[in-house]
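Only one structure is covered here, and it is reproduced in the block below.
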Amino acid sequence: MDGDPDRPDEDLPLTPEETLRLIERQSAEATRRLTGDPLLYYWPWGLAWFAGFGALFLHYGLSGEPYAPISMAVALAVLFGAMAVAMTFTIWVSVRSGTHIRGGSQERGMMYGLCWSVGFIGVGLICSRFGRPDWLQPQEIGLLWASVSLLLVGVLFMAGAAVFREWPMFFIGVAVSVLNLIGTAAGAGWHALLVSVLGGGGFLATGVVLRRRGERG
Amino acid sequence: MSGGFRELDPVIHAQARLRVVVTLNALPEGDRIAFPGLRDLLGMTAGNLSVHLVKLEEAGYVDIHKTHRGRTPVTYIALTRRGRSAFEDYTAAIRELLEAGNGEQP
């Protein structure tokens, strides 16, 4: 009587197996659509890091000689341009997936988003205060900005994992932190290489793995 | 034969309502979803979804909250604590049936 006319079998009794399958399928589908496609979160940043830090790496080289005729200005333009696109995309995706939801997760998402903004304003102020050309070599200024930024990224991923209770996010935060420490110790060229290939590549791989896992349920 | 088993909750044990409850259960506790969002997630018609929501509300399983955003009325829906535990009991009962029957069908 109250069944959908297009699906007349909607209220037919199901066997326990069918019922359990329905529960699992519907639950996976709802979670996937409520949290958004992980590919849409990880790929823009993976591509931005891969291209941006890749350009920086080609500019620095590993032994002080550039590997390609890319000036610092061009490398930074690639990095910041790609990150601006990724950020706009991330904001668009999270606003879109949350349009119909009100309540606790909206508050958590807003506070977490503000953490990134406040944190990066701090990074900008601190690095421009200490990264002065008369104090540091150009490469060291670049490394200062990159390493302090990645310190914040790693910590915010781990803290975000605690907020949203997502273990994969926590391990990404740990991996970013470790990469950052190794790269900072090794120097600007190595730092850019590690962040581009392992950091950017890691984001791309994570997006694919998380999406597959979501599809399997 | 079925004497030892829990009865399956008739409110939840209808395919369409089961899908509604499963979907609402996927929301973190403390969150509500707007009616159009829930309708899109389920792919049901508005009329059909309303009918099922009324039944679930009568059973005390969902909380339907009508409010306004600007001038447009919006309805937010959430599973109540009672609804969540009814769904847990229902899932447990289904698993029990499965284990007991072990694939044997009537």
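Note that the coordinates shown come from a computational prediction; the quantities given were computed from them, not determined experimentally. Only this structure's heavy atoms are used, side chains among them; waters, hydrogens and symmetry mates stay out. Just so we're on the same page: letters track the sequence lines, and every chain starts at 1.
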Point to revise | 4.5 Å side-chain heavy-atom contact, A:R33 and B:D40 | key: yes

Check your understanding: Below 4.5 Å, heavy atoms only, C-beta onward: do A:R102 and B:R69 meet side chain to side chain?
Key -> yes

Check your understanding: Tell me, side chain or backbone of A:L22 under 4.5 Å from chain B's heavy atoms, or both, or neither?
Key -> side chain

Practice item. Select one option (side chain, backbone, both, neither) describing which atoms of B:L18 are under 4.5 Å from chain A's heavy atoms. Key: side chain

Review point. What part of A:T35 is in contact with chain B, defined as an atom under 4.5 angstrom from a non-hydrogen atom: side chain, backbone, both or neither?
Key: neither

Review point. Under a 4.5 Å heavy-atom cut-off, does chain A meet the side chain of B:L24, its backbone, both or neither?
Key: neither

Review point. Can you name the nearest heavy-atom pair linking A:A30 to B:A26, along with the distance?
Key: CB-CB, 3.8 Å

Review point. More than 12 heavy atoms of other residues, nucleotides or ligands under 6.0 Å from CH2 of A:W116: is that the case?
Key: yes

Check your understanding: With side chains defined as the heavy atoms from C-beta onward, is the minimum distance between A:E17 and B:L98 less than 4.5 Å?
Key -> yes

Practice item. Heavy-atom distances under 4.5 Å only: say whether B:F87 touches chain A with side chain, backbone, both or neither. Key: side chain

Practice item. Dump the intermediate steps for side chain to side chain contact (heavy atoms under 4.5 Å, CB included) on B:L42 and A:Q26, then the final yes or no. Key: CA-CA 9 Å; B:L42 290 163; A:Q26 185 70 34; 3.6 Å; yes

Check your understanding: For the candidates B:T23, B:N25, B:V74, B:T91, which exhibits the highest count of non-hydrogen atom pairs separated by less than 4.5 Å from chain A?
Key -> B:T23

Check your understanding: For A:F50, does the CZ atom have more than 12 heavy-atom neighbours from other residues, nucleotides or ligands under 6.0 Å away?
Key -> no

Exercise for review: Please report the closest heavy-atom contact between A:S27 and B:V22, naming both atoms and the distance.
Suggested key: N-CG1, 3.4 Å

Point to revise | Toward chain B, the part of A:R165 with a non-hydrogen atom under 4.5 Å | key: neither

Review point. If you round to the nearest 0.5 Å, how far is OG1 of A:T19 from CD1 of B:I12?
Key: 11.5 Å

Point to revise | Minimum side-chain heavy-atom gap A:Q106-B:D31 below 4.5 Å | key: no

Practice item. Rounded to the nearest 0.5 Å, what's the gap from CD1 on A:I101 to CG on B:L27? Could you check? Key: 5.0 Å

Point to revise | Approximate separation, where rounding is to 0.5 Å, of B:F35 CZ and A:H100 NE2 | key: 11.5 Å

